[in-house]
Structures are given as C-alpha cells and as structure tokens.
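First up is the structure itself, then whatever we jot down about it.
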Amino acid sequence: MTAYLDNSATTFLCEKAKKEMMNAINNYWGNPSSLHQAGIDADMLLRQSRSTVSRALKCDPDEIVFTSGGTEGNNLAVFGAAYAGRRKGNRVITTKIEHPSVLNAFRRLEEEGFDVTYIGTDSSGHLDMDALEAAVDEKTILISVMAVNNEVGTIQPIEQLKAVAKRKSSPALVHVDAVQAFGKLPLNPKKSGIDLMTVSSHKIHGPKGVGALFIKKGTKIRPVAVGGGQERDIRPGTEPMPAIAGFMGAVSELTVEKSLAEITALRDGFVEKLRNVEGVSINSPADALPYIVNLSLKGLRSETVLNLLSDMEIYVSSGSACAKGHKSHVLTAMGLKDDEIDSSLRVSLSRFTTEEELDYFIEGINRAFKVIMKR
Amino acid sequence: MKEVLLVKNGELALKGLNRSTFEDMLVKNIKRRLLASVGKFQFTKSQSTIIAEPLDEDADFEQAVETLKKVFGIAAFSRAAIAEKDFDSIKDVALEYLGDELRQVKTFKVNAKRSDKKFPMTSPEICREVGAHLLRNIKTLSVDVHNPDITVTVEVRDKNVFIHGNQIKGAGGMPVGSAGRVALLVSGGIDSPVAGWMMAKRGLQLNAIHFAAPPYTSKRAEMKVHDLVSIVAKYSGRVNFAVVNFTEIQETIKEKCPEELFTIIMRRLMMKIAIRIAQRDGCGALVTGESLGQVASQTLGAIACTDAVSDMPVFRPLIGMDKDEIITISRKIGAFETSILPYEDCCTVFTPKHPRTRPTLELIEKAESAVDFSEMIDRAVESTRFMFVD
C-alpha cells in the first residue's frame, strides 16, 4: 500500500485537470494574443479559465492575474506593492513564519533600505496581533500575512488586517499568501479587506508551474517583469494554456465546504489514534486547518523516520519540504524545544486522502519506534 | 442571522400615478438581475422601500450588493440584518452584525426610525441604548453625531426590526424599460458604450447595432465590441446585439465617392441601415456616442448632414461633453480598459487624409447620387446577425 501524505508539498493531478490539459495541448495551442482564429480560440479558453478561478475567489475575472505559481505570486505581490507604495512610506510588515518566497522577498526589501518588521507568534502559531497593532503606522505600505501556515496549519486572522491598518491610518496594502488555504478554506478576499492574494494550482491537484494573484480592482502594483502586455502588463509573457487550463480543471472540481467537513472528521479520528501512540505529541493547534497535522516523535530524528516510512511507501515531510535540512523557523518561532523540532513530521492531507492511508501511517510510526528505539 | 436588502428608489417618488408601474418595473429588473447573479429573492414593498429577501439562506450578499449597484432606478440601498421586536435581540444583532465593520473605524452614531409606534421604546431611547451597548463591547469606538464613519440605523417596522450600517449609493436614474427601447450605434471606441449607459440610466432598454467590415476588420474587433456591449448590459440588462456586414458599402463608397466625403457618406448610410433595423425591432430612437467637434464627422455641419437621413430621433447624450469627462464615466463603468484595445474598426479603415469638416447637404447628396445604394442597404439589413448579450 502507498500512503501519500505530503499534499502540502504537492498533489497528484486530478482527472479533470489532465483532461483540460490534454484538450489545451491538442486543440488550443495558439497564442492567445494572436489576431487569427487559432489565437481567438486560445483566448476564449484563457477567459474561461480566468472566470473559473475568479469564481473560486468570489471576485471579478479582471482581478485575476495568472502567474507561474506561489513563489512568483508572492514575489510579485510583495515587491510590486512595496515599490508602488514607496512614495507613501517605507515601512513593510510581515511575520516570522511566512513561506520563504515571502520571507526572502522581505529580506531583499530590507537590503534595499525598507524598514521591515517581522511579527512573531504565540506557542500555537497564531500571529501576535498586539505586536502587529504596535508596528503599523502611517508610513506602513504593506502588511503580508499567510492565511494558513504551511508547516503546522495555523489559521491566521487575515480578515482583521485591514482593520488594523485603518485604525492606524495606514495606507498599507494587505497581501495574503493563501497557497495552503486555497481550495481548503472558504476565501473571500474582497469581503476580508484583502488587496492581494496568492494562490497556486499544484496544491489542489492541478499542474505545477501555474498559479494566480488576486489583485483587487484599483490596486496599484509595480510589475516585476516587463514584456509584451499579457495579463494587463502586470505579468507579461505568453500564457501557458495547458497549465492554465489544467488549473481551471482542478479549480472546477473543488468542493471547499464539503471537503472541509469531511477532512475535519478524518483528522479528528486520526489525531485521536495518534494520541494513543506513546511518544507522539501534536504540534498543530486544535483549531488549525485540518489538512495539516504536525507532530513530534519523542526520541526519534525526523529524517530517520522519514527514510524508514519512505521504504514503506509512506510519504510525509519533515518540517517544510522547501527548507530541507534547515531547522524549522516556524516551529522555532512557536517556541518548540530543539529536540521537538528535530523529531517533527508534517502529515498533510487532501480531499482524496483515506482513513486507510492514515492508519497505515500510524502503523509506520509504531514500526519506527520499534525498530529505532528497540521498543 | 437573516439578511435582507432594503432598496430606496430614486426619482420614482416624483412620478405621481405612474409610480407603482415604475416600482413594479424596478422590482422586476432587480429580481431578474439578482436571479442571474445570486439566486431567487422574494420582494415586499413598504413605505417607499423595497425589501428583497433571499430564498436561499446561503445567498452571496457580496455579489448581490455588486449587482444592485448596477441597477438603474435605485437611489440607495442597504444590506440589513433582521432582529426580533425586542430590545435584547436588537442590541445583540447590532453588535454581531456590524461588529466587524465597527472595529475597522473610529466613530459612529446610531439612528433609529420607529414606524411602529407601539414599540415600547422611543427612537432616542433606542439610539442611546444601542449606542451604549456597542461602546461597551468595542473599546476602540467613540461617538460622533455630526460626522460619523458609520451610522448604525435601527428601523422598527410592523413585523421586524432592520439593522444596517451605512447606506450604499445606487446607480440612480430610472428603471430600464420604463422609457421605451432604443438602438445604440456601437463601435469599438470609448464613447458609444458610455452613451448607451447614459440612456439606459434614463430608463431606456437597449438594442445595439455594430458595423463590421470583414476582412478589413477582424473577428477580434467584433469580440471587443461584444465585450463592451456586455459591460453596458451589466447595467442595462440584456441587449439585443446586431452585427451588420458593411464591407460592400464601404468598398463602394471608397471607389465611387469623393475621398474627402467618405466618412460623412458612410455615416449617413450607417444611419439608414440602423433606422431600418431599429424600426423593425420596435425602437423609438437611435443613440450615438457623438460629441460635438471631436472629429471631422462630428462637426455641426456633419451632424446636420447625417441627421438629414433620419426620420426618428437621434439621441446624442455626449454631445456637450469633453473627452476627459467621457473617459471618467468609461472608467467608472469598467469599459475603458476594453475600449482602448487596439483593433481596427470600420470607422478607421478607410479614413480619408483630409475629411471635409463643413460639408453641405447639397454637396453630399450630389456625391451620393452617383451610386444606387438601395439594394446594398437591403442586403446589409438582411445579412445582419443577431445575438443576445447579457
């Protein structure tokens, strides 16, 4: 049996995504910008894709810009908002637990002379709202907070960010990295006072290499790349229709609320069983996104366990897959002890995950304790 | 918590005995537009307010608000929560419903309207108590009765109490359909969609007529016009869109008529065709996006020459507007970005280098008489393609 439980790293392609991709490859290979019929056909597919993605974010189609994925979306949002807002102020704010594609963008802004504040979290990974409130001022032009932390699944109060900015008379744009939340939590950026929101395709059973940035109507950002005018010149470059159509296919299959209820039940059962295994502690807070369960195995090194599980065809991550070999900055920020961090695993689910797979994982960690701890 | 939309109609109050007809038309328009974007709503009218209640509990109110902003005939509207007719319910609902919004601002005031005089508290009492409750629970808030960020309104009516925050400005104007039907001549530019929007605002239902000249104009250009019509339709409701094949006529003018009169003759022939289509489809007037003096064909003399072929009224709502005023509206209705996409349209294909700016009717008629256009006009009218644009 195989248990793929690393869905926050990436997911397999769902059938609908494959079908849409093949359709685009075979029938819509024209350049959407061309004037002729082959171009018009591709453009119609592009429009259809944009409209499907916009419905998932409850926004207008012209508020969606297709990108190459989460990293580009986050870079475009952070640099784009910082450079466009420079005249209004120099302060930009993010958190200590962001994905590297946000965190490293802010580090670069820091090198370029921006005044950067990194807000910490409490021991369950929730953003320190008092510290945020204190940091925001009239010169603050950007607040970037992830919707769901990719390592532990903590859900951040993203709908409160605009209120903080308004109270402090700050012109700040609010950016939310929603890569881990998209398709898993109901999102409504406009209603939540969010100006920019990054989403990605391959975390929701769509292809890699494509994502989207929500840009609220009227929001000015400075493009990072320059080119031939595609995506309203915010993200120029010929649109990769197979990837975009695959993204549309994946989005059209989402059943956010229904899946959330099912996964919550599945996760609750799973955590219950984990608690009966001696030496297991759960790092994810109880109110975390149920798709992510972070745990520590007392006395075991996560890398060893990962290898042992991999031999059993059980696939999970240690910390975040993007930070191989580094000590998790998220668990550190949450105040975990070194040995707890060293022994942490992230189990991440998708709507296709079954109870059998989770049971098999528990069998795997029991075996790890037996083999490595000789118990 | 149950939510409703409270719609205040605009000029309708002024229209005497016709008022209820207009109101019914507005309700019908709102109903149809909400059905297309959100779902089914049921409507009740009471004291110059139309109350729209969703049949589905999970109705998307954000979307409903966006939809209502684009319905002509609405002066203002609010998104309100329903409370029971007792004070505990009123204060709980006020805090729960408006709490998030109030936490984002600094100042507020409470405004109470009590149309049910049997309700045990007076309006000032309701204001005071609701205000106190909100202040106790939201520490960042203070009262400003003159210039509040948010006015919390409590409306005590016969059956329910409605609680809402700031009113949302409506699109104004008159309900579409209340003034009849017209045909808009639409190119791919900035002006004609704005002209259509302005006339729809005055209650006119729109047909649209577009002249295409393939292969000189591309399918892209036609798609662009289709998109522009669709943007106007977000306000006006469904538009009957007609595309006329104009190639033969354009080529003939180019070949047989003096170059400097090309544009003016072309516009006269467009007008003739448009009138035929408009009359057939029950339209009472034509609408164009002309603005005086903007281009050679829009001078006083040129307009006089085009008007001479028309036996129905031609509305030119932009006639006295500057380009930047037109662009402001174009941006407001979300058409500008599409309007400036660079495709050839049939007005620009054969444009003469030096068009005549002061043509006389005599001169034009003489030039035209060199060719018998009547059969070509018949062919153009017959070849017209129709589609509905929503």
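Numbers restart at 1 for each chain; the letters A, B, ... are given by sequence-line order, proteins then strands. In this text the structure is predicted, and so the values were computed from the model without any measurement.
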Dump the intermediate steps for side-chain contact (heavy atoms from CB on, under 4.5 Å) on A/K166 and B/V105, then the final yes or no. CA-CA 7 Å; A/K166 281 192 179 165; B/V105 301; 5.6 Å; no
Stepwise side-chain contact (heavy atoms from CB on, under 4.5 Å) test for A/C59 and B/E62: CA-CA 10 Å; A/C59 65; B/E62 303 296 321; over 6 Å; no
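Atom CZ of A/R232 has more than 12 heavy atoms from other residues, nucleotides or ligands within 6.0 Å. The environment of A/K220 atom NZ is sparse: at most 12 non-hydrogen atoms of other residues, nucleotides or ligands sit within 6.0 angstrom. Under a cut-off of 6.0 angstrom, the local environment of NZ in A/K190 is crowded, with over 12 non-hydrogen atoms contributed by other residues, nucleotides or ligands. Residue-environment remark: NZ (B/K31) stays at or below the threshold of 12 foreign heavy atoms within 6.0 Å. In the displayed structure, A/K217 atom NZ is contacted under 6.0 Å by more than 12 heavy atoms of other residues, nucleotides or ligands. The number of heavy-atom neighbours closer than 6.0 Å to NZ of A/K139, taken from other residues, nucleotides and ligands shown, is 12 or below.
By number of non-hydrogen pairs under 4.5 angstrom with chain A, the leading residue of B/E101, B/M223, B/E337 is B/M223.
Summarising the geometry, atom CG belonging to A/D43 is positioned 4.5 Å from atom CZ belonging to B/R220; distances are rounded to the nearest 0.5 Å. A distance of 8.0 Å separates CD of A/E133 from OG1 of B/T140, quoted to the nearest 0.5 Å.
Proximity to chain B is absent for every atom of A/D60, based on heavy atoms less than 4.5 angstrom apart. Of the atoms belonging to B/D60, it is side-chain heavy atoms, and not backbone ones, that fall under 4.5 Å from chain A. At a 4.5 Å heavy-atom cutoff, A/S192 makes no contact with chain B through either its backbone or its side chain. Looking at B/D58, there are no atoms closer than 4.5 Å to chain A (heavy atoms on both sides), in backbone or side chain. For chain B, the nearby part of A/K58 is the side chain; its heavy atoms alone come within less than 4.5 Å.
With A/R167 contributing its side chain and B/R103 its backbone, the two residues share a donor-acceptor pair below 3.5 Å.
A side-chain donor-acceptor contact under 3.5 Å links A/Q37 and B/K219.
A salt bridge links B/D227 with A/R47: the distance from a Lys NZ or Arg NE/NH1/NH2 to an Asp or Glu carboxylate oxygen falls below 4.0 Å.
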